[in-house]
Amino acid sequence: MARRRPSAGRGSRHHQRPGGPRLSPQVILAFDYGTKRIGVASGDTLTRTARALTTLERGEVVPWAAIAKLVQEYQPSQFVVGLPWNMDGTPTVLTDVVRSFAAELKSRYNKPVALVDERLSSREAEAQLRDARASGMKKRRNTHADVDMIAARILLEQWLENPHAAEQAT
């Protein structure tokens, strides 16, 4: 009697990409890198959903120890990093700094890093937080840390929607 293979549906540990092989779900960590804080979100390729995790204070240096803890806890298969651009498509003062951060992530953890255009992600995060506060879903005042981690979630959602549109860090 032939063994039944688990379906790719609900409760399965695998999913089917259209026209592709069965793949195990992958956990992704996303970063919204800023001069003062780094917003962090997690998501997975099975549910294709993301959630805001935390905001790391940046200070003078990148908080690599805090990032290492997150990597240890979540065991991501790859990273997504928001790449800043001006509205006219020209680089910002942070574009090269973020590329360096992405390259260091790739080097330290030997995992792929996708760079996602982050234009308007912070504005979208602010709007979502304002709406949540107005509806009563969020009771306390919105902070910059809230905005940063929601922006990371938005970046990850963008990547989950269209991973092929992202640039790969070198």
Side-chain angles (χ1 to χ4, degrees), residues 6-34 37-58 62-85 94 98-99 101-132 137-138 142-169:
S7 71
R10 196 175 178 100
S12 171
R13 293 184 46 86
H14 301 280
H15 68 284
Q16 180 81 28
R17 291 206 181 225
R22 292 172 83 87
L23 301 170
S24 295
Q26 297 176 350
V27 173
I28 314 296
L29 281 182
F31 299 92
D32 178 43
Y33 186 95
R37 291 169 302 279
I38 301 172
V40 185
S42 70
D44 71 77
T45 57
L46 178 64
T47 63
R48 295 173 52 131
T49 58
R51 69 183 181 103
L53 286 181
T54 190
T55 300
L56 306 173
E57 293 300 318
R58 214 175 93 37
V62 175
W64 289 112
I67 291 170
K69 281 184 175 180
L70 290 167
V71 170
Q72 177 66 32
E73 181 179 348
Y74 287 89
Q75 296 291 308
S77 60
Q78 88 167 64
F79 304 104
V80 169
V81 176
L83 189 61
W85 296 101
L94 273 183
V98 171
R99 284 187 188 281
F101 170 73
E104 184 68 19
L105 265 178
K106 183 177 180 179
S107 173
R108 283 178 183 248
Y109 300 106
N110 195 30
K111 297 189 185 298
V113 178
L115 297 167
V116 175
D117 185 338
E118 73 167 24
R119 278 180 279 194
L120 301 179
S121 62
S122 291
R123 284 192 188 154
E124 174 64 21
E126 289 168 351
Q128 288 182 14
L129 287 165
R130 245 189 336 270
D131 291 348
M137 290 177 57
K138 186 173 188 307
N142 295 327
T143 67
H144 293 293
D146 293 332
V147 172
D148 293 333
M149 67 179 154
I150 298 299
R153 189 201 76 217
I154 290 167
L155 294 169
L156 185 49
E157 288 170 345
Q158 289 173 356
W159 181 84
L160 288 165
E161 268 306 302
N162 192 4
H164 303 294
E167 176 184 333
Q168 295 300 306

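Treat the numbers as computed from the prediction; the structure is a model and nothing was measured.
- Pairing each heavy atom of A41 with each of A152, the nearest pair is CB-C, 3.6 Å.
- Separation of atoms CD (E118) and CG (L155) is listed at 6.0 Å; rounding is to 0.5 Å.
- How far CD1 of I38 is from CG of D148: 9.5 Å, rounded to the nearest 0.5 Å.
- Annotation: side chain to side chain contact (heavy atoms under 4.5 Å, CB included) contacts of S107 (sequence neighbours excluded): none.
- At least one side-chain heavy atom of W64 sits under 4.5 Å from a side-chain heavy atom of L105.
- Rounded to the nearest 0.5 angstrom, Q26 CD and D44 CG are separated by 9.5 Å.
- When side chains are defined from C-beta on, I154 does not count as touching D32, because their heavy atoms never get closer than 4.5 Å.
- Around atom CD of Q75, more than 12 heavy atoms belonging to other residues, nucleotides or ligands sit under 6.0 Å away.
- For the atom pair CG of D117 and CG of L83, the computed distance is 7.0 Å after rounding to the nearest 0.5 Å.
- Taking the six-membered ring for Trp and thresholds of 30 and 60 degrees, Y33 and F101 have ring planes inclined between 30 and 60 degrees apart.
- Distance check: L29 CG to I67 CD1 gives 9.5 Å after rounding to the nearest 0.5 Å.
- Summarising the geometry of M149 relative to A52, their closest heavy-atom pair is O-CB, 3.5 Å, with the distance given to 0.1 Å.
- Between L156 and S42, the shortest heavy-atom contact is CD2-C, 3.3 Å.
- In this structure, R51 has no salt bridge (Lys or Arg N to Asp or Glu O under 4.0 Å) partners at least two apart in sequence or on a different chain.
- Annotation: side chain to side chain contact (heavy atoms under 4.5 Å, CB included) contacts of N162 (sequence neighbours excluded): H164, A165.
- In this view, E104 and R108 satisfy the side-chain hydrogen bond (donor to acceptor under 3.5 Å, both in side chains) rule, not counting sequence neighbours.
- Heavy atoms only, all atoms of each residue included: G82 and V98 are closest at O-CG1, 3.2 Å.
- Evaluation of the side chain to side chain contact (heavy atoms under 4.5 Å, CB included) rule for P112 yields Q78, Q168 as partners, not counting sequence neighbours.
- By the 4.5 Å heavy-atom criterion applied to side chains, V27 and S77 are not counted as neighbours.
- L160 approaches T49 most closely through the heavy-atom pair CD1-O, 3.6 Å.
- The shortest distance between side-chain heavy atoms of K106 and K111 does not fall below 4.5 Å.
- The ring-ring contact (aromatic ring centres under 6.0 Å, His included) search around Y109 returns F79, not counting sequence neighbours.
- With respect to E157 and R153, a salt bridge is recorded, a charged nitrogen being found less than 4.0 Å from a carboxylate O.
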